[in-house]
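Note that the structure is a prediction, hence the values are computed from the model and not measured. In this chain, numbering begins with 1 at the start of the sequence shown.
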Amino acid sequence: MTSSTRPLLPKFVGERIKRREDPRLIQGLGTYVDDLKPAGLLHVAFKRSDIAHGEIRRLDTAAAEAMPGVERVVAGPELAEIVGSIPVATAYPAPEHFPLAVHRVRHVGEPVALVVASDRYSARDAADAIVIEYDELPAVVDAETAEQNDTLVHEGFANNIAVRAALGTGVDPETQQPVDDSAIESAFASADVVVSQRMVNQRLAPTPIEPRGVVAHYEPGREYLTIWSSTQNPHLLRTRIAQALDLGEHQVRAVAPEVGGGFGCKISTYGEEHAVAAVSKLLGQPVKWIEDRSEAFVATSHGRDMIGTVDIAATRGGDITALRLRLVADMGAYEMLISALLPTFTAALVGGVYNIPIVRSEITQVFTNKTPTDAYRGAGRPESQYFLERAVDMLARELEMDPAELRRRNFFQPDEFPVTTVAGGGLITYDSGDYERTLEVALKTAGWNELIAERDAARAEGRLVGVGLSYYVEVCGAGPSFLIPMGGWEHASVTVERGGKITATTGSSPHGQGHETTFSQMLADHFGVPMEDIAIVHGDTAIVKQGIGTWGSRSQAVGGTVLMLAAEKVSEKMRRFAAAMMAPEEVAPDGLVFAGGEIVTNDSPAIARGFAEVADFAHVPVPLPVGLSPGLSEEAFWEPEGVTYPFGCHISMIEIDRETGEPRLLKMVAVDDCGNVINPLIVDGQIHGGLAQGIGQAMFEELVYDDQGQPVSASFLEYVMPRATDLPRFELERTVTPTPLNPMGAKGVGEAGTIGSTPCVVNAAVDALAPLGVRHVDMPLKPERLWRLIGNGGGA
Ligand code: MCN
């Protein structure tokens, strides 16, 4: 793929280069959706349900319509006529989900009507003046009993079940239903040791710094809609909006300008995007909606919310012989784009890095009267590795074995890869791994033996100090298309312009990951030019013709690969132009290399032409070399044969105040392996952010609903985000196990930190409380919860 004569990773790739996008972002020079103010702009505000479940008996918009500045009020049935139901991307049956509720509301925060007005404040005031009377219905709140609840969230989904599936031993992979329980039952019946635990992976709010926002501008004359959205997925948005409004994709331009974070909650196309686009088309004017933080807590999809009961069986010597996961996943009130798939990811990876011969997962996904759940950084993998790594830690304690030693004993070995796992039901094949090496680096970096000695000394003084270790494997770089409902490929184009500057487009649409930097590092090496000569364009479907978007940590592995394929097509043509320019010398294009702003022969003395000189010639080729067409612009589509599996080992130390229950994280070591690294500084940054979020789940964050389905922690007053002062200095190391699935040998890293850190911190907390007899504590590690455990001498 790269030109044959040059090394793959020569100059910029592998260097700690600061992000090119940061100067504009930190100086406030970026353009976000709310910065857009097209002439004639109108503003939308949504009237949302303040109850969890009820029939809409009366919707009175008269007062709102009479208010100054109000242009239009739209309710559910009218909008449903125009845009229909919002589609999901999975094969599972999904209930209808209209952008504005029709007849019934199913969660607090569900939009019921919208107001279009001349300014944001008039729109908000008028939305507040809409009167809705409901016939309230009982709310389905508890996921574990939703199946037995007499109330149905959706009439068409009996027992509130969205999906019932199974994976692994004794399961038919076609029907995803258990067909033979004998192996799993006999494994548990004959085990020396069995450890079982119910664990809660609590509901979280993704809370990117920039909430969602949309501007839509339909131009009736051109019959053309431009939609700007704070999205991870502009191309999917284009497709979905075109379908909803009965337009061709060529009539819709979707733009993701600067996006202030997404963490998975901006993958879906939301009802608000459909609604704002439809209203702009109705009125023939530009329309804007900017989500406020209170809305974001109830209207943007939530993450996690799974309850797992794990049984793990082993021999006395520490060989894990079987694992069973019974999973209840709370979908909330509707399915979002890929939410129905996430529990299957959890199940598919629940065997982790261990060679466990018998693994069975049984999944029940239920509807409740809460905000829908969907992808949140890690999307299924943090839950899976949490359930597994807590169970493995409990097993180590039961066996009185060093937790590192128990893990080491059960790893898949390097010569076993590629490994098709039992947990994945034959559908999952880990590409590459050397798990023991990473464990050893982590133990050494953390000073494991010293940490244990320190903990024991602290214990001797009566302090509650614990040490935790976790191992994870996760899945990144999604493709090929048979696995991914939106398409498992990515697209890129590369153009070398007159004068030798380069513009590349990528269908990966970053929202904080730094693609402009890493992708230009790769192209700079490829073409032998400075990074400053390269522009990476993303997020605008009028310029970037095709794309799948940024999610599932796939941009480097898939987007990076296709970019290099497009670059190779251009450089191949450029070598032929250069060879023609070197005539009458007999120069073989294959023998030319790109270096130092020139295209040169490998011979001595070398013959060279300037990069810009060749670019100019390619645009005015007189005479046109035989077999060449003018210009230097190429595009490529590519999909990988399979997904990559990064892994890593995290170690932490925590102290819990005996008097107050307040936990303090003292140490956090993360050793992650994402294959070859393009930019170590960016990769470290991705790990830092991921660790903060994973620790946030372990220690602080939780969306709580009362028994009426009212969210009671839906503001930053109650929803506790991790702050810099809550976190220790992160100690990072890396091992490098390249993947064979792409030419760069790169795996993804964007979610890794989130996945390993959560069980690691909880394992440390349980270790701290173990002298009191504590076996498990559910997240988050709230001081009150810990204080009660301490006060009860470790009892529940
Ligand atoms: N990279 C690298 N070497 C590798 C792998 C990656 O240098 N071996 C670089 C890439 O070039 C890219 C970055 O690291 O600049 C992340 O790449 P990758 O792991 O491919 O992940 P994506 O770019 O696809 O990002 C998605 C991932 C996800 S799924 C979530 S959620 C997430 C995350 O990235 N949300 C984020 N990181 C985030 N970072 C910020 N600032 N904001 C978010 O919302």
Side-chain angles (χ1 to χ4, degrees), residues 32-33 107-109 201-214 229-233 236 256 258-273 290-306 329-339 341-342 345-346 370-383 386 474 509-513 549-553 686 688-705 711 713-716 718-723 750-755 757-758 779-780:
Y32 295 82
V33 173
H107 69 90
V108 172
N201 206 283
Q202 80 273 30
R203 182 174 275 252
L204 301 178
T207 60
I209 288 179
E210 183 201 20
R212 290 180 298 128
V214 196
S229 179
S230 184
T231 176
Q232 299 176 224
N233 248 348
L236 181 76
E258 303 289 6
V259 175
F263 308 120
C265 74
K266 295 178 182 172
I267 300 176
S268 271
T269 43
Y270 280 84
E272 287 92 344
E273 288 164 316
I290 300 294
E291 186 179 54
D292 65 33
R293 186 59 71 186
S294 306
E295 283 182 295
F297 267 105
V298 290
T300 291
S301 58
H302 293 162
R304 316 277 191 259
D305 210 349
M306 295 190 198
D330 187 339
M331 313 283 290
Y334 297 98
E335 281 178 29
M336 300 294 284
L337 191 74
I338 53 166
S339 48
L341 275 179
L342 302 181
F345 288 171
T346 303
K370 300 181 203 157
T371 297
T373 48
D374 201 10
Y376 172 54
R377 203 170 195 168
R381 293 97 89 195
E383 297 89 327
Y386 178 76
E474 65 125 340
S509 191
H511 43 281
Q513 291 86 354
T550 287
W551 45 268
S553 300
Q686 287 293 311
H688 273 229
L691 290 176
Q693 279 178 305
I695 294 167
Q697 172 166 24
M699 298 182 69
F700 308 111
E701 299 179 45
E702 184 177 30
L703 270 167
V704 181
Y705 281 76
S713 60
S715 91
F716 282 134
E718 304 92 6
Y719 190 89
V720 185
M721 296 288 287
R723 298 155 301 179
E751 294 156 286
T754 327
I755 297 166
S757 54
T758 309
M779 300 182 289

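- No donor-acceptor contact under 3.5 angstrom links the side chains of D305 and T373, judged on distance only.
- When all heavy atoms of I209 and R293 are compared, the closest pair comes out as O-NH2, 2.8 Å.
- Distance check, rounded to the nearest 0.5 Å: CD of E474 to CZ of F345 gives 11.0 Å.
- K266 approaches E210 most closely through the heavy-atom pair NZ-O, 2.7 Å.
- Partners of T300 under the side-chain hydrogen bond (donor to acceptor under 3.5 Å, both in side chains) rule, at least two apart in sequence or in another chain, are R212, E291.
- Taking a cutoff of 4.0 Å between a charged side-chain nitrogen and a carboxylate oxygen, R304 and E701 do not qualify as a salt bridge.
- The closest side-chain donor-acceptor pair between T346 and E383, if any, does not fall under 3.5 angstrom.
- The main-chain N or O of I267 is found under 3.5 Å from a side-chain atom of N233 such that the two form a donor-acceptor pair.
- With 3.5 Å as the limit, one finds no donor-acceptor pair spanning the side chains of Q686 and H688.
- Legend: residues meeting side-chain hydrogen bond (donor to acceptor under 3.5 Å, both in side chains) with S339, ordered by chain and number and at least two apart, are absent.
- Looking only at distances, a side-chain donor or acceptor of Y270 sits under 3.5 Å from a matching main-chain atom of S301.
- T754 places no side-chain N or O within 3.5 Å of a backbone atom of Q693 that could act as its donor or acceptor partner.
- Formation of a donor-acceptor pair under 3.5 Å by the T371 side chain with backbone atoms of A299 is not found in this model.
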